[in-house]
2 protein chains.
Amino acid sequence: MARSPTTSDVFNAVAELQRRRILELLVDGEKSVNQIAEVLAFRQPQTSKHLNVLKEVGLVTVRSDAQQRLYRLNPEGIKQIYDWSKTFERHWNESLDRLEAYLEELQQQVQRKDNHEQP
Amino acid sequence: MARSPTTSDVFNAVAELQRRRILELLVDGEKSVNQIAEVLAFRQPQTSKHLNVLKEVGLVTVRSDAQQRLYRLNPEGIKQIYDWSKTFERHWNESLDRLEAYLEELQQQVQRKDNHEQP
DNA sequence: GACATATATTCTTATATAGGAATACACTAG
DNA sequence: CTAGTGTATTCCTATATAAGAATATATGTC
């Protein structure tokens, strides 16, 4: 089986850095394809393709103004990612966890050294 | 250019649903490869491969206990995703934005209808 | 209608999976 | 050392990009 399509969900869509950059840019408000392409130094067809992926997963919406297509951020999609990541929040907030992990790391390092020096 | 490797960053690593499921499972604490494989109904080699991807991007750590490899969640990696998505937080909190988007959507639908019925 | 501007689509290519199958490797018990 | 348990690795295949190049489509202007 191959990797899931980029349009299968928001996680796959934002895996691509260039698409995350587009979303970050759209925070300032709606922009045309050429505006996006210019700011991010993309070619126009690539920009259209990325925008189409973002549109398919609902991360942006489009409206037409003459020949232009004005793309706007739809933050609801990003909220899905936020909600998922937030379920792990208490784990990085617990400093005790961090300390445990650190000690564990040290133990492993010592163990590895022992294994190498006395095989 | 092909898609970025799954190991290039946390965003690419968690794009795969099965890897997100592994992370969710590890919230309960460290688990061995076979334990993970059993709970999620994966085959062992697939489990090892997914865990390796998660390890490479720093989303999990491993320690050895006899033949077993005990994988533990490293929440710092998920925090990267949380932090990124959180920068959009105010947008989905602004109900005004939502209203505007909704109106825009309606306008588009009306426009499309007009275009179809009077071409 | 002819031409310009803005955007989308098609085609091609190099690359990277994800899962299955088979096998190799690591460590333990006796 | 031999068998058993747990895990990692290799090989294979079908699939899916992402970017470049070329082209098609849509809309506005004159």
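Every chain is numbered from 1, with letters handed out A, B, ... down the list of sequences. Because the structure is a prediction, the values reported are computed rather than measured.
A side-chain donor-acceptor contact under 3.5 Å links B:Asn74 to the backbone of B:Gly58. With hydrogens and angles disregarded, a donor-acceptor distance shorter than 3.5 Å links the side chain of A:Arg69 to the backbone of A:Gln67.
Taking B:Ser8 as the reference, B:Asn12 meet the side chain to side chain donor-acceptor pair (under 3.5 Å) condition, with sequence neighbours excluded. Under the salt bridge (charged side-chain N to carboxylate O under 4.0 Å, His left out) criterion, B:Lys55 pairs with no residue at all, not counting sequence neighbours. Partners of B:Glu24 under the salt bridge (charged side-chain N to carboxylate O under 4.0 Å, His left out) rule, at least two apart in sequence or in another chain, do not exist in this structure. Applying the salt bridge (charged side-chain N to carboxylate O under 4.0 Å, His left out) test to A:Asp83 and every residue at least two apart in sequence or in another chain returns A:Lys79. Judged as a salt bridge (charged side-chain N to carboxylate O under 4.0 Å, His left out), and not counting sequence neighbours, B:Glu56 has no contacts.
Across all strands, A:Thr47 comes closer than 4.0 Å to no nucleic acid atom at all (heavy-atom distances).
Close to C:dT9, at under 4.0 Å from its OP1 or OP2, lies no side-chain N or O of A:Ser48. Remark: B:Tyr71 is not in phosphate contact with D:dG6, judged by side-chain N or O atoms under 4.0 Å from OP1 or OP2. Side-chain nitrogen and oxygen atoms of B:Asn34 include none within less than 4.0 Å of the OP1 or OP2 phosphate oxygen of D:dT5.
Between the P atom of C:dT7 and the CD atom of A:Glu30 lies a distance of 12 Å, rounded to the nearest Å. Between A:Ile22 atom CD1 and C:dT7 atom P the separation is 13 Å, expressed in whole Å. In this structure, A:Lys55 atom NZ and C:dT7 atom P are separated by 13 Å, rounded to whole Å. Separating the CG atom of B:Asp65 from the P atom of D:dG6 is a distance of 12 Å, rounded to the nearest angstrom. One interatomic measurement links the two molecules: CZ of A:Arg69 to C1' of D:dA26, which rounds to 7 Å at whole-angstrom precision. Rounded to whole Å, the distance from CZ on A:Arg63 to C1' on C:dT7 is 16 Å. At whole-Å resolution of the value, CG in B:Leu40 and P in C:dG19 are 12 Å apart. Distance, B:Lys31 NZ to D:dG6 C1': 17 Å, rounded to whole Å.
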Show the atom names and distances, to 0.1 Å, of all donor-acceptor pairs under 3.5 Å that link a side chain in residues 33-46 of chain A to residues at least two apart or in another chain.
unit_1	atom_1	unit_2	atom_2	d
A:Gln35	OE1	A:Ser32	N	2.9
A:Gln44	NE2	A:Ser48	OG	3.1
A:Gln46	OE1	A:Lys49	NZ	3.3

Let me have the donor-acceptor pairs involving side chains of residues 14-22 of chain B, under 3.5 Å, with sequence neighbours excluded, atom names and distances please.
unit_1	atom_1	unit_2	atom_2	d
B:Gln18	OE1	B:Arg21	NH1	3.3
B:Arg19	NE	B:Ala13	O	2.6
B:Arg19	NH1	B:His50	ND1	3.1
B:Arg20	NH1	B:Val14	O	2.7
B:Arg20	NH1	B:Ala15	O	3.1

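Comparing the axis of the opening five pairs of the helix from C:dG1-D:dC30 to C:dG30-D:dC1 with that of the closing five pairs yields an angle of 20°, rounded to 10°.
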One character per nucleotide, please: for nucleotides 12-22 of chain D, 5' to 3', B when the base has a protein heavy atom closer than 4.0 Å, S when only the sugar-phosphate does, - otherwise. ---BSBBBBBB
